[in-house]
Amino acid sequence: MRYSQLLIPTLKEVPADAQVASHVFLVRGGFMRQVAAGIYSFLPLGLRVVNKVARIVREELNRAGAQEVLLPVAVPAELWVESGRWQKYGPELLRFKDRKGKDFCVGPTHEEAIVDLVRKDVKSYRQLPVNLYQVQTKFRDEARPRAGLMRGREFTMKDAYSFHVDEADAMREYQNMYDAYVRIFDRCGLAFRAVEAATGAIGGSRSHEFQVLAETGEDAIVACDHCQYAANVELAELVREPPAPPEDGATFLPRQKVPTPGKHTVAEVTEFLRLPPQQLIKTLIYLADGKPVAVLVRGDHDVNEEKLKSALGVDELVLAGDKTVEEVTKAPVGFAGPVGLEVPVVADREVAGVANAVTGANEADQHFVNVNLARDFKVARYLDIRTAAAGDKCARCGQGTYQGYRGIEVGQVFFLGTKYSQPMGCNFLDEGGQEKPMVMGCYGIGVTRTVAAAIEQGHDANGIIWPMALAPFQVEIVSMQPNDAAVRDAAVKLHDELEARGVEVLLDDRDERAGVKLNDADLLGMPLRVVVGKKSLAGGELEVKWRRAPEVEKVKVAEAAAFLEGRIQAELARSAKPA
Ligand code: ATP
Ligand code: MG
């Protein structure tokens, strides 16, 4: 394809709201344009990349035995009422009424719609198992759409749903999809990790996320350096031990109130008192199903709200607002402490090990030092409620230590059991003629987020470095002097030869300065670049360069097409490891 005939509106300026590389380069490179917060239009280059991800996804799902379908974007509310999610899903669900006043939503995920399809047309064990998938636009009215395609409101997802006669068969398919996902992200040329994950609004009891490793990832992951265990910190386990006693021989010093004017945060208070953060006990006031509860964790730890919610056995858990905190502690926010509180106090088990701790004094600008649990306050329950972090001992093998990573969640697989089939009456007749609910799994891939993740993993200061499998074009030819007949002819000839070989090639035939073209080539990020210039052409050669490496290779004009095709094939084969 000729650059001059494509709409590639590159920009010099970094868009004002763009902070991460994928957002910056997708806009600067003319791949996409924002229409509203979290909503984008794709231009020709951007759409080529999205389609490439979708194509790999389709090929691998078809290979794994799933069948493609297409469900509606507008889903009637009554299906969501049946599953119970119409009430539960919250403001991320975009709801609307049709002209007759009937409620609908724009599907953020399609468990309800697929269950409705299957319950009407699949009745017997003979029709099972079945795995149906679609590649479709989803809408989630995210509170904070950000980072371009990473967290949009409108985005493309591949979602698959499988139906089975029993748990064993559903677990077999879970593994089948897991393996397909490994092949998909390998073929995309991404470095990723599958980690154990929480199930969130989708539900179910077993789940893995596929996380592309990148500094800008929103998710924190821990992975054991000794065994295979890796998990999102949302649910990563910690070694379960009884409450740790204070260190041997610790003597309880007399409790004292000390002024800490204007010091609110753990860092401010401990720096001011010249103590390490683990000497402080943080007190947070939560509303658990509406009732205030004080939650204690060590100063160097974080409360894990997922764990806290399940440990307390409540449906709703929110951090209390300033007003509630002031009512409960009788002090401004930032000075809460457990001593003298009248609400129930729960603590992370490691809090028990802190002798002579620092806590808030429930009084403006005052903290206590030398607080001792056994003497000064009463903990109702000790729970595993803190977030695992790098350096913690592995809960699975008990030997290794967790390493920390950041990741971008590009896919997730769930074992659902009968969470949707039971309430929605998605039943089948088994061999003995007995009616049973189908056992389900569901499996999602963020197609557009995968595009962003590829860029987060592959870029430099000048632009994108696409993996071969996702690049809009595999090769870009830069014609340095397009007004020179020999140069122009050699560039066109190579372009035509490559196209004839099935190589995807972009020919920059614009009448622009060489510097502009080379900068744009770096910005757009095609994996291989061929420079056709007067000087080397006179010697019968072209200059070939990988986008990812600085070296330039001279290749004979007559051999160039075969040489490039060979490089491309080798590169594609390298990422598509045999299953
Ligand atoms: P997140 O935790 O990032 O909000 P999720 O766990 O709610 O995502 P799933 O319901 O598992 O998302 O959806 C399947 C896939 O769809 C995710 O793995 C992710 O790749 C993609 N996805 C989800 N939300 C968005 C979004 N707002 N923008 C782009 N892709 C998304
Ligand atoms: Mg998810």
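As a basis for the values below, the full set of heavy atoms in this structure was taken, side chains included, without hydrogen atoms, waters or symmetry mates. All ligand and atom numbering here is 1-based and tracks the order in the structure.
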Going by the closest heavy atom to atom 8 (O) of ligand 1, which one wins out of E209, E409, R146? E409
Does T448 reach ligand 1 with a nitrogen or oxygen that is under 3.5 Å from one of the ligand's nitrogen or oxygen atoms? no
So, does L149 sit close enough to ligand 1 that a heavy atom of it is under 4.0 Å from the ligand? yes
With respect to the Mg ion (ligand 2), please indicate if E209 possesses an N, O or S atom at a distance under 2.8 Å. no
M150 heavy atom under 4.0 Å from ligand 1: yes
Have a look at M157, Q412, Q211 and point out the one with the heavy atom closest to atom 14 (C) of ligand 1. M157
Enter the distance from K419:NZ to F414:CZ here, rounded to the nearest 0.5 Å. 10.5 Å
Between D159 and K138, is there a salt bridge with N-O shorter than 4.0 Å? yes
Does the shortest distance from the Mg ion (ligand 2) to an N/O/S atom of Q412 fall below 2.8 Å? yes
Is the shortest side-chain heavy-atom distance between D392 and T401 below 4.5 Å? no
Nearest N/O/S atom of E409 with respect to the Mg ion (ligand 2), by atom name, please. OE2
Electrostatic pair R406-E456, nearest N-O below 4.0 angstrom: no
Using a strict cut-off of 4.0 Å, indicate which atoms of ligand 1 neighbour a heavy atom of R140. 5 (P), 7 (O), 9 (P), 10 (O), 12 (O), 13 (O), 23 (C), 24 (N)
Whether K282 and D302 form a salt bridge (side-chain N of Lys/Arg under 4.0 Å from carboxylate O of Asp/Glu) is what I want to check. yes
Gap between atom CG of D166 and atom NE2 of H164 - 0.5 Å precision: 9.5 Å
Quick check on V410 - does any of its heavy atoms sit under 4.0 Å from an atom of ligand 1? yes
Does the structure place the NZ or CZ of R48 under 6.0 Å from the centre of the six-membered ring of F473, at an angle of no more than 45° from the ring's axis? yes
Can you figure out which of P108, G411, G152, C442 has its heavy atom closest to atom 28 (N) of ligand 1? G152
May I ask you to list the atoms of ligand 1 that are less than 4.0 angstrom from any heavy atom of E142? 24 (N), 26 (C), 27 (N)
R55 and E59 ion-paired at < 4.0 Å: yes
